[in-house]
Number of protein chains: 2
Amino acid sequence: MEEPERLQKQKELVECIGRLHEKDGFQPVTARIMGLLMVMDKEEYTFDEIVQEMKISKSSASTALKNLEIRGVIEYVTYPGDRKRYFRFVSGDINEMIDGIEKKMKLQLDVIEQALELKKNPDSRNAKFLENVKEGIHFFIKNMRKLKAEYSKEH
Amino acid sequence: MEEPERLQKQKELVECIGRLHEKDGFQPVTARIMGLLMVMDKEEYTFDEIVQEMKISKSSASTALKNLEIRGVIEYVTYPGDRKRYFRFVSGDINEMIDGIEKKMKLQLDVIEQALELKKNPDSRNAKFLENVKEGIHFFIKNMRKLKAEYSKEH
DNA sequence: AGGTTGGTTCTCTATGTTGCGAACTAAAAA
DNA sequence: TTTTTAGTTCGCAACATAGAGAACCAACCT
């Protein structure tokens, strides 16, 4: 693939990643910066390079970068004798990804358990449904932990 | 637990479920209706009952119920000689839940594969990270399918 | 035919969100 | 000491969104 074409496609992918992560509650600009640091060949950007690349104001960049750092999506490094921060993507480790899923499932589970406890009739349609889902979630959480351990061992 | 206390707690849980599902892209009112149909002892509500219970306008109720139906969260039944619709929760089946997770993972995977293909240097920091995550996702998708099959057999 | 019931659709307003500009700060350089 | 660099913070304007209201419609009732 020709250089300019690849660059173009990378930028399209950044946009695409941006849209994807907006659905996870990131703001548009923030989500696109994530993409930038993930797909471009240049893998460390300074504050000003991000401002220029994304054509955003310094304030937007500042807010976005702070958010991404707090959320653990990016980090920055510095080099001796250089006051600039070099921002880079923090690898989305697979275990964290699974932990994230587990956390969400537990949240769901908690809600389901509360709902069940508050049901007057434990044989009602919904109560039975909820009981089923509860069991299922338990099963999957238990086995996902196993999978995680198994995968860690393999690598 | 006393009746009014349970009712109170159920309503709090509805609110809590509402907040939870807002993060999944449901609108506030819509998310709370989900909760209502999930936790209350009364498990079938008519349109007007929902309007009264949630203190919302007919238009909001109409829009919310339509969305929930399209998304497969609720359904309605009718009874002969009664023009009203009786809305109720559709059980969040565990397999669907897993499918949902798989779908999200595949979306991520697709993005990662695109990003990898567009990398100039496949040994760069990010490229290696992405490669790792890619492998991990493959592993988990494969095994989640097994788990799903296993669970289906058991039940 | 006219009214009632059970909703739907359209438009508008109030409320939130996003990202900008400008003013600010802290550290380094001149 | 003053200037420059590298950002941060605050207030605001532009834009997006949710939900209300009112008009509407289709089926049934009288």
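Note that these values count all heavy atoms, side chains included, but never hydrogens, waters or copies made by symmetry. Note that this is a predicted model, so its numbers are computed, not measured. Order of the sequence lines sets the chain letters (A, B, ...), proteins ahead of strands, with each chain counted from 1.
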* Asked: For Arg85(B) and dG6(C), is the shortest distance between a side-chain N/O and OP1 or OP2 below 4.0 Å?
  ->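 Result: no.
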* **Residue that, paired with Glu43(A), satisfies salt bridge (charged side-chain N to carboxylate O under 4.0 Å, His left out) out of Lys119(B), Lys128(B), Lys120(B), Arg125(B)** =>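 When salt bridge (charged side-chain N to carboxylate O under 4.0 Å, His left out) is applied between Glu43(A) and each of Lys119(B), Lys128(B), Lys120(B), Arg125(B), only Lys119(B) qualifies.
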* To do: Compute both the distance and the angle, then confirm whether Arg71(B) meets the cation-pi test with Phe26(B): under 6.0 Å from the six-membered ring centre, within 45 degrees of the axis.
  =>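 Positive - Arg71(B) is close enough to the ring of Phe26(B) and near enough to its axis.
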* Looking at Tyr45(A), is Lys42(A) sitting on its ring face, NZ or CZ under 6.0 Å from the six-membered ring centre and within 45 degrees of the normal? ->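 Verdict for Tyr45(A): a cation-pi partner in Lys42(A).
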* **Rounded interatomic separation in angstrom, taking CD from Glu22(B) and P from dT15(C)** =>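 The answer, rounded to whole Å, is 17 Å.
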* With sequence neighbours excluded, tell me which residues meet side-chain hydrogen bond (donor to acceptor under 3.5 Å, both in side chains) with Asp110(B). =>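 side-chain hydrogen bond (donor to acceptor under 3.5 Å, both in side chains) list for Asp110(B), sorted by chain: Gln114(B).
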* **With Glu44(A) via side-chain hydrogen bond (donor to acceptor under 3.5 Å, both in side chains) - residues at least two apart** =>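 If we apply the side-chain hydrogen bond (donor to acceptor under 3.5 Å, both in side chains) test to Glu44(A), skipping adjacent residues, the hits are Tyr79(A), Arg88(A).
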* **Nucleotide range of DNA chain D lying under 4.0 Å from chain B heavy atoms** =>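 Counting from the 5' end, contacts occupy dA18(D) to dC28(D).
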* Asked: By the rule that ILVMFWY residues connect when side-chain heavy atoms come within less than 4.5 angstrom, directly or transitively, which residues belong alongside Phe129(B)?
  ->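 Its cluster partners, ordered by chain and number, are none at all.
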* **Any residue meeting ring-ring contact (aromatic ring centres under 6.0 Å, His included) with Phe139(B), in chain and number order, not counting sequence neighbours** =>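 With sequence neighbours excluded, Phe139(B) shows a ring-ring contact (aromatic ring centres under 6.0 Å, His included) to Tyr151(A), given in chain and number order.
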* Just by protein heavy atoms under 4.0 Å, how would nucleotides 19-30 of chain C read 5' to 3' in B, S and -? -> SBB-----BS--
* Would the Tyr76(B) and Tyr86(B) ring centres measure less than 6.0 Å apart? ->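 Between Tyr76(B) and Tyr86(B), the centre distance exceeds or equals 6.0 Å.
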